[in-house]
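Notes to accompany the following structure.
In what follows, chains carry the letters A, B, and so on, assigned in the order in which the sequence lines appear, proteins first and then strands, with residues in each chain numbered from 1.
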Amino acid sequence: MEKHNIPDAVPFKFTKKIKTALGIAAGIGLVALLWAVFISQAPASRIWANLWMNAIMFLFLGLGALFFWTVNALGESTWQINIQRILESMALTIPFALILFVVAFPGLTHIFEWTHTEHLDRILQMKTAYLNIPFWMLRLAIYFIFWSFFAIYLRRVSLKNDFEPQDNYLRRVRSTSGWFMVFFAISSSMAAWDWLMSIDAHWFSTLYGWYIFSSMFVAALAVIIIIAIAFKHFGILPNINNEHLHDLGKYLFGFSIFWAYLWISQFLLIWYSNIPEETVYYVERVTHFRSLFYLNVAINFLFPFLALMTRKSKRQPVILGSIAVLVLMGHYLDLYMAIMPGAVGHENAKIGLLEIGLPFFYLAAFLAIFFVMFQKAKPVPENHPYFIESSDYENL
Amino acid sequence: MMHVSPVREPLINGEKSYNDITNDVMAPVRAKPGKLWYIGITVSTIVMIFGFAMIGYTVWFGIGKWGVNRTIGWGWSITNFVWWVGIGHAGTFISAILLLFRQKWRTSINRAAEAMTIFAVMCAGIFPLIHMGRLPLGFFILPYPNSRELWVNFNSPLLWDVFAITTYLLVSLLFWYMGLIPDLGTIRDRMKTLWKKKAYNFLSFGWKGSARHWHRHESMSLILAGLAAPLVLSVHTIVSFDFATSVIPGWHTTIFPPYFVSGAVFSGFAMVLTLMIVTRKALHLEEYITVGHVESMNKVIIATGSIVGIAYITELFMAWYSGVEYERYAFLNRALGPYAWAYWIMMTCNVISPQLLWFKKLRRNLTFTFILSIFINIGMWFERFVIVVTSLHRDYLPSSWTMYKPTWVEVAIYLGTFGLFFTLFFLFIRVFPVIALSEVKSVARSSAKKFIGKPIKNKTPEK
Amino acid sequence: MRSIIYGHFTDELDLLNAVKELQNKGIKIDDVRTPFPVHGLDSVLKLPRSRLPIAAFIAGAIGGSLGLLFQIWVFTRGWPLVIGGKPFLSLPSFIPVTFELTVLFAAFAMVILFLVRSNLGPGSLPDILDEEVTNDHFQIILTDRNNSASEAELEEALASTGALGVKNIKTDN
Amino acid sequence: MSDEKKYWELLNEFEPLDDARFKGKREAVSSPTSRRNFLKVLGLGATSAALVASCKSPVEKAIPYFIKPDEITPGKAVYYASSYFNQNEFCNVIVKVRDNRPIKLEPNPKSVITPYGTSGRVQASVMDVYNVNRYRSPVRNDETIVWDEADNEIITQLKELSGSGRTVVLITPTIISPSTKKLIGEFTQSFNAEWHQYDPIPMDGYREANRRSFGTEELPEYHFENADCIVSVGCDFLGTWLSPVEFTSQYSSRRALFEENPGLNKHYQIEAGMSLTGTNADTRIRADRAEYGKILVHLYNQLGSQNGATQIEATPPPQEVTEKLKNVINDLQANRGRSIVVCGDNNPDYQVIVNSINQMLGNIGETIQFNRTYNHFRGNENWLEALLDQNLGAVIVWDTNPVYSHPMSDQIRAAIERAPLSVAITAQPDETSELCKYKLPAPGYLECWDDAEYKKGVVSVLQPTLHKLFNSRQAQEVLLTWMANPLSWQDYIRENWTSVYFTEQAANASSSDFWIETLRNGELVLNNTAASVSYNESATAGALQTAASEQASEGFTLELTEGIHTGTGHGPLNPWLQECPDPVTRIAWGNYASIAPAAARRLSIKNGDVIQLGNLQIPAFVQPGQADSTISIALGYGRTTGVAEEIRTGVNAYPLSRVESNYRRLTVPNLNIEPTGQTELLALIQGHQSMEGRAIVRDATYEEWKENPAAGNEMHEEIQKHHTTLYPKTIYPGHKWGMAIDLNTCTGCSACVLACNTENNIPVVGKIEASRHHEMQWIRIDRYYKGDENNPEVLRQPVMCQHCDQAPCENVCPVAATNQSSEGLNQMVYNRCIGTRYCNNNCPYKVRRFNWLDYTGADAIPNNRFDPANVTVDLSRMRHNPDVTVRAKGVIEKCSFCIQRIQEKKLDAKLEGRPMEDGELQTACQQACPANAIVFGDLNDPESRVSKLMKNPRNYHLLEELHTLPAVGYLTKIKNKS
C-alpha cells in the first residue's frame with residue numbers, strides 16, 4: 001500500500017500531572033459528599049439520589065460511546081476510525097460503572113417508591129410482577145454483563161487487528177456490533193424504565209426509553225468531542241483534523257435536535273391530551289422546577305442549535321468544545337430533572353454543593369479509567385481497513 | 001479524489017466510462033417504448049380513472065358509501081393515507097439523510113426513490129381530502145382571510161398535516177427537480193429533434209454545467225438535504241400526531257412520532273425495492289443498481305423494521321405497565337380480539353419476516369428481497385389498519401363498539417391510487433432519467449470497479 | 001466582439017491539472033464546464049463559498065416568525081376561542097406549523113435565489129459550446145476579454161495542457 | 001376460555017349479513033335539490049298546509065306576515081293544551097306550534113295524570129300528522145270521490161240495510177271520549193247499529209276477573225308510589241301495561257334515592273322474556289312462560305298459609321324458582337298493605353288469583369284503589385260474532401285494524417268483503433280499511449276536536465292545532481253528518497260539556513268562561529267519588545284449580561308481547577319509532593324471536609338466523625335472561641299497508657295469538673323451532689353487551705348505600721384527588737350549564753330519545769343504514785349486562801354529548817367547527833364543519849353523529865337524497881323545528897343541550913328583566929322523561945338542583961379519569977337486592 005502523508009499518532013502517557021489533577025477533582029467530589037452528609041445534614045433521599053444520578057451519568061458516557069462505536073461499524077462508516085480508540089476506552093468504563101451502582105444500592109428505598117412493598121396502591125400492586133427488587137436486580141445484572149462483554153470483546157478484536165491484520169476483522173466487528181445492537185435496543189429502553197421511569201412509579205411513557213437514549217448519546221458525544229479536541233490540542237492524535245471536528249459537530253448538532261424532537265414529542269403529546277395519569281409527571285416539574293425545566297431545553301437544544309448551525313463553528317475547536325461542555329452539563333441537568341422531582345421531591349431537591357461538587361469525583365474516576373485504557377493501546381487503529389479513508393476526506 | 005478502501009464493494013459494475021453511463025441511463029428516454037410499457041400504462045390509467053370515478057361517487061352521495069360508521073370514523077381512507085405518506089419517506093430519506101451521512105450508494109437509487117416519494121405523497125394527499133364529508137368546502141381548512149375573520153384551529157393535528165404534507169410535497173418536488181436539471185441538460189444535448197431539444201432545455205432551466213453553477217448547486221443540495229431531513233421526520237411525526245394527540249387507547253402513546261418515522265422509512269424502502277428490482281431488470285440497469293445496493297437497502301430495512309418491532313413490544317409492555325384498564329384492553333384486543341388476524345399479519349410481515357435479512361445470503365437474493373418487500377408493504381398497510389381500526393372499534397364505552405368492513409367503493413379508490421402512482425411512474429421512466437446521471441458519474445471514479453483501491457493521485461492539502 | 005477559446009478533457013484529473021497549469025501561467029479561466037461536480041475544482045478555481053445557506057437561514061427565520069406570530073395573533077387577538085380547555089396561547093400546538101413554514105420559506109428562497117443568481121430558469125437559453133459537456137467532456141473556457149494574452153497565446157496555452165478539440169469562436173456578447 | 005366469555009362472544013358484534021342490500025338508490029323523492037329550493041318549499045309547504053284552525057282569514061304567505069294575526073308572532077311558538085290517547089297510552093300534552101305547524105309535544109304540568117314526562121310514542125306522534133301515506137280524500141273502491149257523494153251513498157245504503165233487518169256493525173277501538181260515546185249512542189239508535197270496541201291487545205280478562213272478585217268490571221288505579229314491595233309476574237308495567245307513563249312516574253319517585261327520600265322500594269319481577277320492567281327489577285326471577293299459573297298458585301299457597309287461606313294441592317314451580325320465591329313471599333308478608341302484586345296475562349283465572357293475593361295482603365284500598373278507575377281497554381271479543389254473522393249488512397270500521405291484529409284475520413277479511421256496505425274511517429290506510437268499499441279520511445289527533453276521560457273523573461280536551469291538511473273529516477263529524485245533525489262536532493262537545501261538566505264545577509260562572517278555562521288547562525278534574533268494592537273470595541277456588549291443573553308445555557312456549565315503540569301496530573307507520581332501538585335488545589327496525597342463550601347454543605342458532613315457528617318465519621335473537629323454553633316476539637310489526645315499502649319491517653305475529661274461551665291469549669304452547677337456513681339483517685345498534693369490568697355504570701346495593709351514600713362510587717373522590725392538569729382553569733362568567741342524570745330512576749323507556757329526535761330535527765336513516773351503525777340519534781340509552789348469561793343484571797345509561805370543559809373533540813377539529821361556549825357548552829358549528837370525523841374518533845363517549853348520506857335533502861348536490869322512510873318530503877318537513885338547522889350531508893352533529901331552548905329562555909328572562917329561575921329551562925329529553933331522571937340547570941348557581949345533585953355523593957362523571965371534565969353527571973344505580 002502506498003504511503004499516505006498521514007501524521008503519526010503519539011502514544012499517550014498517563015502522566016503524574018494528569019493524575020494529580022484527577023485526584024484534586026475527586027477530592028472536591030468527596031468533600032462535597034461529606035459536607036452534604038455531615039455538615040448540611042441533607043436528607044438521605046437527596047444524597048442517595050445524587051449517588052444514583054452520577055452513577056447513571058458515568059455509565060451513560062461509556063455506553064453512549066459503545067453505541068457510537070458499534071453503530072459506525074455497522075454503517076461501514078470510516079471517518080471516525082481516527083478517534084475509535086477514544087470510543088473504545090470510554091466503552092471500557094462500563095464494567096466499572098457497576099461498582100458505582102452497587103454503591104448506591106443501599107439507598108434504593110429512598111429513591112424508588114415501589115420498593116415500599118408494604119403500602120402500594122392499586123396501580124403499583126399491578127406492577128409488582130415487573131417492579132420488584134429481585135427481578136430488577138436480575139435485569140440490572142444482565143444489562144451489565146452483556147454490555148461489559150460486548151465492550152471487552154470488541155476491544156479485544158480491535159487490539160488483535162493492531163498486531164496482525166485480520167481478514168475477517170470487519171465481518172467480526174460487524175456481526176458482534178449487530179448482536180450488541182439487538183441487545184442494546186431492548187436493554188437501553190428497559191434500563192431507562194427500570195432506573196429512571198420507575199422513580200415516578202405511576203407514570204409511564206412509551207417514548208421514555210428512546211428519550212433517555214438520546215440524552216445519553218448526546219452526553220457521550222459531548223465527552224468524545226471534548227476529549228478529541230484535547231487530544232488534538234495536545235498532539236496525541238494529530239491526524240484529527242477539522243473534518244473530524246466538523247463531523248463530530250454535525251453529530252452534536254443533529255442529535256441535540258433529535259433530543260429536542262423526542263423531548264417535545266413526549267411533552268406535546270402529554271400536554272395535548274392532558275390526561276392526569278400522564279400529566280402528573282410534568283405538572284410536578286412545571287410547577288416546582290419551572291426555571292430548570294425551561295433551562296433544560298435551552299441548554300440542550302437552543303444553544304447547540306444556534307451555535308453549531310454554521311460550518312465555521314463546527315470546525316472551530318473552541319466553539320465546538322465549549323458547546324460540548326455546555327451540552328454535557330445540560331444533559332446532567334436533564335438527568336437531574338428525570339430523577340430528583342420523583343426521588344427527592346420538590347421540598348428537598350436543590351442544586352447545591354453536593355450536586356455541583358459530586359460529579360467531579362465521578363468525572364475524575366471516569367477519566368482515570370479512560371486514560372488507563374487509552375494508554376494500553378495504540379492511539380489509532382492503524383490496521384483498520386478504512387484507516388486511510390478516515391484521514392482523507394472532506395466535508396462539503 | 002478521495003480514497004476508497006479496497007475492501008469496499010463497487011457501486012457500479014462493469015467498466016463504465018462516463019459516456020457509457022450517459023447512454024445506459026438515457027436509453028429508456030431515447031428508445032421507443034415497448035409493448036409492456038404500453039400495457040402497463042394502459043392498465044394503470046384505467047384503474048386510475050375508475051378510482052377517480054369512485055371518488056366522484058363518494059363525493060356525490062356521501063361518505064356513507066364507505067364502510068365507516070359512528071364508532072370507526074376513519075377506515076381505509078386514513079389507513080391508505082398514512083401508508084402512502086410512509087412510502088413517500090424513503091425517497092427523501094435516501095436523498096437527504098443518506099446524503100448527510102455520506103452514503104454514496106444512494107446515488108443510483110435516489111432519483112427514482114424521490115420520484116416515488118412525490119407520486120406517493122400525491123396519492124396520499126388524496127385521502128385526507130376525500131375523507132372529508134364536505135369536500136367542496138375543503139378550502140375552509142386554509143387560513144385565508146375572510147369576512148367573518150374566522151381562522152383555522154392551529155391546535156388540530158389535521159391542520160398540521162395540511163402544512164406538513166404541502167410543505168413536504170413542495171420541498172420534495174424542489175429537491176427532486178433541482179437534482180434533475182443537470183440530467184435534463186444531458187438529455188437535451190443528446191436529443192436530435194428540435195422540439196425535444198427545446199422542451200428539454202425548457203425543463204433543464206438552461207443548464208450548462210458551469211463550475212460556478214455546480215458549486216452553488218452542491219451547496220444548495222446540501223442545505224436542502226439539511227432541511228429535508230428534519231422535514232421528513234416532521235411529516236410522519238405530524239401524521240403520527242393525528243393519532244397520538246387523541247385520548248383513544250392505542251392511539252395516544254408518546255412513542256408514536258419516532259416509531260412512525262421509522263415505520264415510514266421501513267415501508268418506503270420496501271416499496272423502493274419492489275420498484276427497483278423490477279425497474280433495473282426492465283430498463284437494463286443491473287450494473288448501476290447492483291446487488292450491493294439491494295443489500296444496503298435491506299440493511300436499512302432490517303434496522304428500521306427492528307425499531308418498529310421494538311416499538312410494538314414497547315407499546316405492548318407499556319400498556320400492561322401503565323395499569324390503565326383501557327390501555328390494557330386495547331392491546332389485548334389487538335392481539336386476541338376480532339381483528340387479531342390483522343395484528344398477526346402485521347407482526348409477521350413487519351417484525352418476523354425482516355429478521356431473515358440477518359442472513360447475508362438472503363440480503364443479496366433478489367427474488368427473496370422482492371417477495372419480502374411485498375410482504376413488508378402489506379405488513380405496513382396492516383399496521384396502519386390495526387392502528388386506525390382496532391383502536392377505534394373498541395375504545396372506551398363498550399356500548400359503542402362496532403366492526404368495520406370496507407365497501408367496494410373504498411377498495412376501488414385505493415386501487416385507483418395505485419393507478420395514479422403507476423401511471424405517473426410509467427411516464428416518469430419515459431421522460432426523465434431514472435438514475436441521477438451526474439451523481440453517479442461523480443462517484444464513478446472512486447467507486448466503480450476499476451478504480452477501487454487505487455491510490456490517490458493528488459491530495460488537496462488541509463486548508 | 002470577443003473571442004472564446006475552449007477545449008476539453010475526458011478525465012477530470014487532467015482537467016484539474018490543466019486548470020492549475022493555466023493558473024500558474026497567469027491565465028484567467030472564464031469558465032469550466034463539467035458533466036458533474038468535480039471535487040477540488042472549486043478550491044482550485046478559488047470560488048468563494050456560496051452564501052445560499054445564509055439566504056436560507058434568513059428566509060427560514062422570516063417564515064418561522066411569520067408563522068408563529070400569525071398563530072399567536074389568531075388565537076389571542078384575532079378570535080380567541082376556547083378549544084378543549086387549552087390556553088389561548090397554546091404554544092406547543094404552534095410548533096408544527098412554525099416548523100413547516102420555516103422549512104418551506106428556506107427551501108423556496110434558496111432555490112429561487114440559486115436560479116436567479118445562476119441565471120437559470122425555464123426558458124433560459126444557455127451558450128453551449130460543446131454538447132458533450134453534459135456527457136463526458138470536461139471543458140475549459142477562456143476568453144480574451146479577461147486575459148491580457150492574445151487569442152493565439154490562449155489557444156496555445158490551452159492546447160499545451162493537453163486539451164482536446166481546442167477551438168476559438170467569436171461572439172458579440 | 002370460560003363459558004361466560006364464550007357467551008359474550010356469541011352476542012358480540014352482530015355482523016350485517018348482507019351489505020349488498022345496500023343499494024343506496026333512494027332518489028324516489030322528487031323534490032327540491034338545493035338549499036334555496038328547500039327554503040322555498042318549506043314556505044310553500046306551510047302555505048299549502050293553510051294555517052292554524054283558529055286563524056280565520058286566509059293567509060297568502062307564510063312569512064313575512066303582511067298583516068300579522070294577533071295570535072301569531074313569527075319566530076315565537078304558541079302552545080295549546082291537548083291530549084294524546086292510543087291504546088294504553090294517554091298523556092295530557094301541550095302542543096308547541098310554530099308558524100302554524102305543530103312541531104313538538106310537551107307534557108302538561110297542570111295535569112293530574114301525567115304532570116311530567118311523556119312516552120316515546122307521544123313524542124313521535126307529531127310525525128303521524130305529516131305522514132305522506134294518509135288518505136287525502138274519500139275513496140270509493142279505488143276511486144276518489146267527494147264527501148257529499150260518499151255521504152249520500154252511505155246514508156242511503158245504511159238506511160236500506162238497517163231497514164231490511166241486516167245488522168249494522170260499528171267497530172271502534174276503546175273510546176274514552178264521553179262526547180263521542182254519547183254521539184255513538186245516538187248513532188246506534190238512529191241506524192239500529194251495533195257498536196263494538198276492539199283492542200288488539202285486550203284486557204277483558206282483567207275486567208272479567210275483577211267482576212268475579214270485586215263485582216265490578218272496572219280496572220283499578222295502582223299506586224306504585226305507595227308500594228314498598230312490588231311483585232310482578234310477567235307484567236311490563238313500566239313499558240306497555242295499562243298506563244306505563246303514569247306508572248313510570250310513580251315507580252321512579254320511589255327510586256330517586258336521596259337522603260331526604262331514603263325509602264327505596266323493592267321490586268321483584270318474575271318473567272320469561274326480558275321486559276323493560278324486568279330489566280329494572282331489583283331481583284328478576286327467570287321462569288318459563290308456562291309456569292306463571294303455577295307460580296301464582298304457589299304464591300297464593302305460601303301467602304295463604306300465613307294469612308289463613310285454604311291451601312290447594314298443586315305441583316310447585318321448579319325448585320330454582322321456588323327457592324327464589326321465598327324472599328318474595330317474605331317481603332310481601334312484611335309489607336302488607338304497602339305492596340302490589342300484578343300479573344301481565346289476560347287469563348281471568350290468573351287475575352282472580354292476583355286479586356285474592358292482593359286482598360290477602362291488604363293492598364286493595366291501599367295501593368290498589370277503585371276510585372279513579374281506568375276507562376280504556378273496554379274492548380272484547382264480542383264483536384266477532386256480529387261481524388261473522390251471515391246477517392251482516394254494513395260494517396263501519398273506525399280507526400281499527402282487526403284484519404292485521406286478529407288471529408282470525410281470514411274470516412274477518414271474508415266477512416268484510418262479503419258485507420254489502422263496508423266503510424273505513426281512518427287517517428292512514430291499513431289492512432282493514434283497504435278491504436272496505438268506502439275509505440273516509442280522518443284527520444290526525446292534532447287536527448281534531450275531542451275530549452277524553454281516561455281515568456274516571458279526569459276529563460281532558462283535545463283541540464286542533466293545525467288546519468286539516470287534507471280533505472278529511474273526523475269520524476264524529478261523519479256520524480253527525482249521517483245523522484243529519486246540524487251541530488258542528490266542536491259545538492257538540494261544548495254543548496255536552498256545558499250540560500254534563502259545567503254544573504260539576506264552581507270556579508267559572510259562565511259556560512263560555514268554563515270552556516275557555518278548560519281549553520287552557522286541557523283537563524278538568526271532577527270530585528273524587530270514592531268507590532267501595534266488596535271482595536268475593538268464592539271465585540278464587542275455581543281459578544286456583546284451573547291454574548294448578550294447567551298442562552306443562554312441550555317444547556317451547558311462545559310469548560307475544562307488545563312492542564314498546566310499535567305498540568299494537570301503529571308504530572311501524574312512524575319511522576322515528578321504528579328507528580328507536582328497543583331498550584332491552586337495542587335492535588331497531590323490526591322484530592325477532594328472542595331465544596335463550598342455552599337454547600340457541602343447543603340448536604346452533606345465531607343472531608339473525610331465520611327460524612320457523614308455526615307458520616311464521618322470523619329471525620332469531622339470542623336474548624340473555626330469556627327463559628330456556630320460552631320464545632318472545634314483539635307484536636306490532638309486519639304492517640304492510642299504509643307503510644312505505646322501504647320501512648316495512650318485521651313479521652306480524654298476531655296470527656299466532658289465539659282466542660280461548662272468548663279471551664285473547666298471547667301465548668302459544670308446544671311449539672318447535674326449525675332453523676330455515678336463511679338469515680336476515682337485524683339492525684343491532686349496540687353490539688357489545690358487557691361493560692368489560694369498567695366503571696361505566698357505577699352501582700351499589702341499597703344496604704351499601706345506607707352505610708355509605710358514595711357506595712360504588714368511591715373512586716370518584718380518588719380520581720378527583722388525582723386530577724392534575726397542565727392547563728389554566730377556564731372561567732365561565734355567566735351561566736355554566738350542566739346536567740345530572742339519575743341512573744336509578746331512569747327506566748330506559750326511550751322517551752328522551754324520541755323527544756330529542758323531534759326537537760332537533762334528527763333524520764331517519766332506515767334499517768340498513770342503522771344496521772351499519774349510521775344511526776343519528778343524539779342521545780342513546782346504553783344497556784349493559786352483568787353476570788350470569790341466563791339471568792344477567794341489567795344496567796342502563798343514557799349518553800349524550802357530555803359537554804366536556806376539556807373536550808378532546810374540540811382540540812382536533814382543523815377548522816374550529818366545534819369549540820367551547822362561554823356558558824360551558826360544547827358547540828357545533830354546522831356551517832363550518834367539513835366532515836373529517838376526527839372529532840368523533842377522538843370522542844371517548846362516541847356521541848357525535850355524522851351525516852353519512854344526504855338524509856335530509858339539505859345537501860347542495862342534487863339527486864343524492866337518501867330517505868328510505870320518506871320523512872323529508874315536503875309534507876314531512878313541516879314537522880321541522882325551525883329553530884334547529886337541518887344538517888347537510890357530510891357534517892357532524894350532536895347534542896347541543898337544546899341550545900335553542902337555552903337561548904329562548906334566556907331571552908325571555910332578559911326581556912322581563914329578571915334572572916333565570918332554576919328549572920325554568922328544560923331540555924327536550926328532560927321534559928319528556930316520565931321518570932324525572934334528568935335535571936338540567938346552571939352549575940354556577942350553587943342553589944340550583946343540578947348543582948346540588950353534582951355534589952351528591954352518588955354523582956360521578958363518565959370516564960372522569962380522562963379529565964375531560966364533563967358537564968353531565970350521573971348518579972349511581974342503587975339496587976335493592978336481597
To the nearest 0.5 Å, what is the distance between [atom1] on [X] and [atom2] on [Y]?
X: D/Leu853; Y: B/Lys65; atom1: CG; atom2: NZ; value: 5.5 Å
X: B/Ser400; Y: D/His773; atom1: OG; atom2: NE2; value: 10.0 Å
X: B/Leu392; Y: D/Arg837; atom1: CG; atom2: CZ; value: 11.0 Å
X: B/Trp60; Y: D/Asn864; atom1: CH2; atom2: CG; value: 7.0 Å
X: B/Leu397; Y: D/Leu959; atom1: CG; atom2: CG; value: 5.0 Å

Using heavy-atom distances under 4.5 Å, tell me whether [X] contacts chain B through its side chain, its backbone, both, or neither.
X: D/Ile892; value: neither
X: D/Glu775; value: side chain
X: D/Asn841; value: both
X: D/Cys843; value: backbone
X: D/Pro844; value: both
X: D/Tyr838; value: both
X: D/Tyr784; value: side chain

_D/Arg694 NZ/CZ over B/Tyr396 ring centroid, <6.0 Å and within 45° of normal_ =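 No - D/Arg694 does not lie over the ring of B/Tyr396 by the 6.0 Å and 45° rule.
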Residue, of [options], that accumulates the most heavy atom pairs under 4.5 Å with chain D:
options: B/Ile72, B/Val152, B/Leu158; answer: B/Leu158
options: B/His252, B/Glu325, B/Arg148; answer: B/Glu325
options: B/Leu159, B/Val388, B/Asp242, B/Val324; answer: B/Asp242
options: B/Pro249, B/Ser156, B/Gly138, B/Gly62; answer: B/Ser156
options: B/Asp395, B/Leu135, B/Thr245, B/Asn155; answer: B/Asp395

*D/His774 (side chain) donor-acceptor with B/Val68 (main chain) under 3.5 angstrom*: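 Here the side-chain-to-backbone pair exists.
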*Report yes or no: does B/Trp74 contribute a side-chain atom to a donor-acceptor pair with the main-chain N or O of D/Thr836 at less than 3.5 Å?*
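A pair under 3.5 Å: yes.
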For [X] versus [Y], what's the shortest heavy-atom pair and its separation?
X: B/Val59; Y: D/Lys889; answer: O-NZ, 2.6 Å
X: D/Arg780; Y: B/Ser399; answer: NH2-OG, 3.5 Å
X: B/Asn153; Y: D/Ala816; answer: CB-N, 3.6 Å
X: D/Gly890; Y: B/Arg134; answer: O-CG, 3.6 Å
X: D/Trp852; Y: B/Arg70; answer: CZ2-N, 3.6 Å
X: B/Met132; Y: D/Ile834; answer: SD-CD1, 3.2 Å

Looking at [options], which one has more heavy-atom pairs under 4.5 Å with chain B than the rest?
options: D/Val847, D/Val812, D/Val765; value: D/Val812
options: D/Cys813, D/Pro808, D/Cys809, D/Ala817; value: D/Cys813
options: D/Leu958, D/Asn811, D/Asn840; value: D/Asn811
options: D/Val891, D/Thr964, D/Asp854; value: D/Val891

Side chain from CB out, backbone as N, CA, C, O: work out which of these in [X] comes under 4.5 Å of a heavy atom of chain D, or both, or neither.
X: B/Trp251; result: side chain
X: B/Tyr404; result: neither
X: B/Phe243; result: backbone

*asked:* Could you go through B/Arg394 and D/His688, starting from their C-alpha distance and side-chain angles, then the distance that decides it, and tell me whether this counts as side chain to side chain contact (heavy atoms under 4.5 Å, CB included)?
replied: CA-CA 9 Å; B/Arg394 290 186 169 179; D/His688 203 87; 4.0 Å; yes
*Does any donor atom in the side chain of D/Arg772 or B/Thr402 lie under 3.5 Å from an acceptor atom in the other side chain?*
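B/Thr402 and D/Arg772 do not have a side-chain donor-acceptor pair below 3.5 Å.
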